[in-house]
Structure formats: structure tokens, C-alpha cells
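FYI, side chains are in, hydrogens and waters are out, and symmetry mates aren't considered; it's all heavy atoms of this structure.
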Amino acid sequence: MSRLSNFYLLTYNSLQALGWMVSLYRLVGNFAATKSTSGAYSSTGELVCFLQAAAFLEIIHGAVGLVPTGVLLPLMQWGGRVHFVVAVVRQLDEIQQLPSVFITFLAWSLSEVIRYSHHAFNCLGVCPFWLTYLRYTAFIVLYPTGVTIGEMWLMYQAIPFMVKKNLYADVFAYLPFSYYNFIRVLLLVYPLLFLKLYLHLFKQRRSKLGKQHKKKRN
């Protein structure tokens with residue numbers, strides 16, 4: 001990798017890590033001050049929307065070979081998250097104060113602080129083993145928590161409000177189904193998409209931690 005590419009990736013990952021640290025700080029700070037999860041979106045929702053939208057760059061990174069991640073799996077995760085936070089949560093004030101928003105944002109913020117910090121240190125060539133271990137272990141709890149009692153549960157709770165508002169009626173007027181019926185189908189497919197990504201992360205864990213253990217023995 002050229003120095004310019006490495007510097008770009010270091011900058012990108014450092015800024016994302018910093019952004020998610022700010023999100024985590026706001027989220028936890030609001031909870032500590034109010035003793036309530038209802039202020040999660042008001043405290044950090046717009047920042048989360050921006051950070052997730054900016055993560056589209058990672059699909060481009062994979063497409064041009066800047067990183068060896070490929071395109072499909074990053075696209076699936078990016079699309080799922082952006083749809084959730086921008087198309088659903090941001091559009092429905094009625095659900096923004098529900099606990100599932102806090103759970104999702106907390107799981108995302110923790111996992112992304114770890115992930116982007118790991119990437120940034122790798123760009124510097126000085127990533128400590130404990131951070132690598134955390135990167136490929138914390139997801140075991142954070143990922144299913146964010147997806148199930150976060151994203152899926154909140155979208156299910158949002159359906160009555162989608163029906164009431166006939167959300168995105170103009171867009172779906174040309175289709176034989178409504179947006180809320182699309183969400184119902186999506187909730188049936190979500191576990192399959194989640195399982196594919198979850199198993200991929202376990203495969204990465206075996207590969208990365210196995211290499212780290214070999215290095216330590218040598």
C-alpha cells in the first residue's frame with residue numbers, strides 16, 4: 001500500500017473513531033444526566049446519521065481494492081444501518097424516544113469505536129494485541145444485541161406509525177406493495193442477513209486471532 005493510501009485510511013479511520021467516541025460520550029452523558037434512555041436520538045441521532053452515511057466510503061474502498069473487504073458484505077451492513085437510522089428512525093418522531101434507539105446506538109458506538117481504532121492503529125503498524133482481541137470478540141455480544149433488541153424490535157414497533165402516516169406513499173405508489181409491508185417482509189429476511197454477517201465475523205475472528213497467537217509464539 002502506498003504512503004498516500006495509508007495516510008488516507010489512517011485519517012478516515014481516525015475521524016470515524018473520533019466521531020463514534022463523541023456519539024458514545026453524548027449517549028452515556030445524556031443517560032447519566034437524565035437517568036432515562038429517551039434522549040438517545042436527540043443527543044446524538046444526527047451525528048449517527050452522518051457517520052453512517054459517511055461509511056459509504058468503505059464500500060468504495062473495497063470496490064477499488066484499497067482494502068481487502070470486497071463490496072457485498074460492507075454494502076449489506078451499510079444499507080441496513082442507513083435504512084434503519086435515516087429512513088425509519090429519523091422520519092418517525094414517535095419512535096425516537098423508545099429504549100431500542102438507545103440500545104442500538106450504544107451497541108453501534110461501542111463496536112465502531114473499537115473497530116475504527118483497530119483499523120487506525122493497524123495503519124500505524126502498532127496495533128496492540130488486546131485491541132485486536134477486543135475487535136474480534138466484542139461483536140459476539142454487541143452485534144446480536146444491536147440487531148435484535150435494537151434494529152429489529154424498533155422497526156417492528158414502528159410499523160403502526162408507518163401505517164398511520166402511510167410513510168413513503170409517493171415512492172411506493174408505483175409498486176404493488178406499501179413501505180410498511182416492505183418492512184414486514186424485511187423483518188422476516190433480517191435474521192438470514194444477520195446470520196450471514198455474524199458467521200462471517202466469526203470466520204474473521206478465527207483467522208485474525210489465529211495469526212496473532214502464532215506471532216506471539218514466534
Side-chain angles (χ1 to χ4, degrees), residues 1 5-6 8-20 23-24 47-90 100 103-123 127 131-155 182-183 185-212:
M1 183 185 299
S5 297
N6 191 68
Y8 164 74
L9 289 175
L10 173 62
T11 303
Y12 170 78
N13 287 303
S14 298
L15 289 175
Q16 280 279 14
L18 178 61
W20 285 105
S23 174
L24 182 61
L47 176 59
V48 169
C49 288
F50 172 77
L51 292 171
Q52 285 296 166
F56 182 76
L57 289 171
E58 293 167 41
I59 300 168
I60 298 175
H61 297 167
V64 301
L66 199 56
V67 294
T69 56
V71 174
L72 180 60
L73 292 179
L75 180 61
M76 287 172 58
Q77 182 168 5
W78 177 84
R81 285 188 171 190
V82 168
H83 169 260
F84 170 81
V85 72
V86 176
V88 179
V89 183
R90 196 167 187 262
S100 295
I103 292 170
T104 304
F105 285 1
L106 182 62
W108 286 5
S109 297
L110 287 170
S111 63
E112 298 298 48
V113 166
I114 295 168
R115 183 169 73 94
Y116 286 115
S117 297
H118 176 261
H119 290 333
F121 276 106
N122 271 328
C123 289
C127 188
L131 183 56
T132 299
Y133 184 83
L134 193 60
R135 161 73 176 92
Y136 293 104
T137 302
F139 80 88
I140 296 174
V141 174
L142 293 177
Y143 191 38
T145 299
V147 170
T148 56
I149 60 178
E151 297 173 49
M152 290 184 66
W153 179 236
L154 189 69
M155 283 193 288
F182 164 74
I183 292 296
V185 174
L186 181 63
L187 287 174
L188 295 176
V189 177
Y190 231 70
L192 300 177
L193 301 176
F194 158 74
L195 185 61
K196 181 177 179 63
L197 289 168
Y198 199 45
L199 293 177
H200 174 72
L201 290 173
F202 272 104
K203 183 179 179 181
Q204 280 189 323
R205 185 177 192 272
R206 289 191 296 270
S207 174
K208 300 295 183 179
L209 293 187
K211 290 178 181 178
Q212 289 289 328

Is the centre of the [X] ring less than 6.0 Å from the centre of the [Y] ring?
{"X": "Tyr198", "Y": "Phe194", "result": "yes"}
{"X": "Tyr8", "Y": "His61", "result": "yes"}
{"X": "Tyr12", "Y": "His119", "result": "no"}

Value rounded to 0.5 Å, distance of [atom1] in [X] from [atom2] in [Y]:
{"X": "Ser117", "Y": "Gln16", "atom1": "OG", "atom2": "CD", "result": "11.0 Å"}
{"X": "Leu199", "Y": "Leu195", "atom1": "CG", "atom2": "CG", "result": "4.0 Å"}
{"X": "His200", "Y": "Leu72", "atom1": "NE2", "atom2": "CG", "result": "9.5 Å"}
{"X": "Leu201", "Y": "Thr137", "atom1": "CG", "atom2": "OG1", "result": "11.5 Å"}
{"X": "Arg135", "Y": "Gln204", "atom1": "CZ", "atom2": "CD", "result": "6.0 Å"}
{"X": "Leu154", "Y": "Met152", "atom1": "CG", "atom2": "CE", "result": "12.0 Å"}

Where do Leu51 and Glu112 land on the side-chain contact (heavy atoms from CB on, under 4.5 Å) test, with the steps shown first? CA-CA 10 Å; Leu51 292 171; Glu112 298 298 48; over 6 Å; no
Taking C-beta and beyond as the side chain, do [X] and [Y] meet within less than 4.5 Å on heavy atoms?
{"X": "Asn122", "Y": "His118", "value": "yes"}
{"X": "Gln77", "Y": "Glu58", "value": "no"}
{"X": "Phe121", "Y": "Thr132", "value": "no"}

Would you say the side-chain atoms of [X] pair up with the backbone N or O of [Y], donor to acceptor, closer than 3.5 Å?
{"X": "Ser111", "Y": "Trp108", "value": "yes"}
{"X": "Trp20", "Y": "Leu110", "value": "no"}
{"X": "Thr104", "Y": "Ser100", "value": "yes"}

Shortest non-hydrogen contact between [X] and [Y], atoms and distance:
{"X": "Leu142", "Y": "Ala107", "value": "O-CB, 3.7 Å"}
{"X": "Asn6", "Y": "Cys123", "value": "ND2-O, 3.0 Å"}
{"X": "Ala55", "Y": "Tyr116", "value": "CB-OH, 4.1 Å"}
{"X": "Gly62", "Y": "Val71", "value": "C-CG2, 4.1 Å"}
{"X": "Val141", "Y": "Thr145", "value": "O-OG1, 2.7 Å"}
{"X": "Ala120", "Y": "Leu10", "value": "O-CD1, 3.5 Å"}

Worked check of side-chain contact (heavy atoms from CB on, under 4.5 Å) between Met155 and His83: CA-CA 10 Å; Met155 283 193 288; His83 169 260; 4.1 Å; yes
Could you tell me if Arg90 sits above the aromatic ring of Phe84, with its cationic atom closer than 6.0 Å to the ring centre and no more than 45 degrees from the axis?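 Judged by the rule (NZ or CZ under 6.0 Å from the ring centre, within 45° of its axis), Arg90 is not positioned above Phe84.
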Walk me through it: do Val48 and Arg81 pass the test side-chain contact (heavy atoms from CB on, under 4.5 Å)? CA-CA 10 Å; Val48 169; Arg81 285 188 171 190; over 6 Å; no
Using a cut-off of 6.0 Å, state whether more than 12 heavy atoms not belonging to Phe50 lie near its atom CZ.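 Count not over threshold, so no.
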Please determine which of Leu75, Val64, Leu73 meets the side-chain contact (heavy atoms from CB on, under 4.5 Å) test together with Ile59.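 When side-chain contact (heavy atoms from CB on, under 4.5 Å) is applied between Ile59 and each of Leu75, Val64, Leu73, only Leu75 qualifies.
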side-chain contact (heavy atoms from CB on, under 4.5 Å) assessment of Ile140 paired with Phe202: CA-CA 8 Å; Ile140 296 174; Phe202 272 104; 3.9 Å; yes
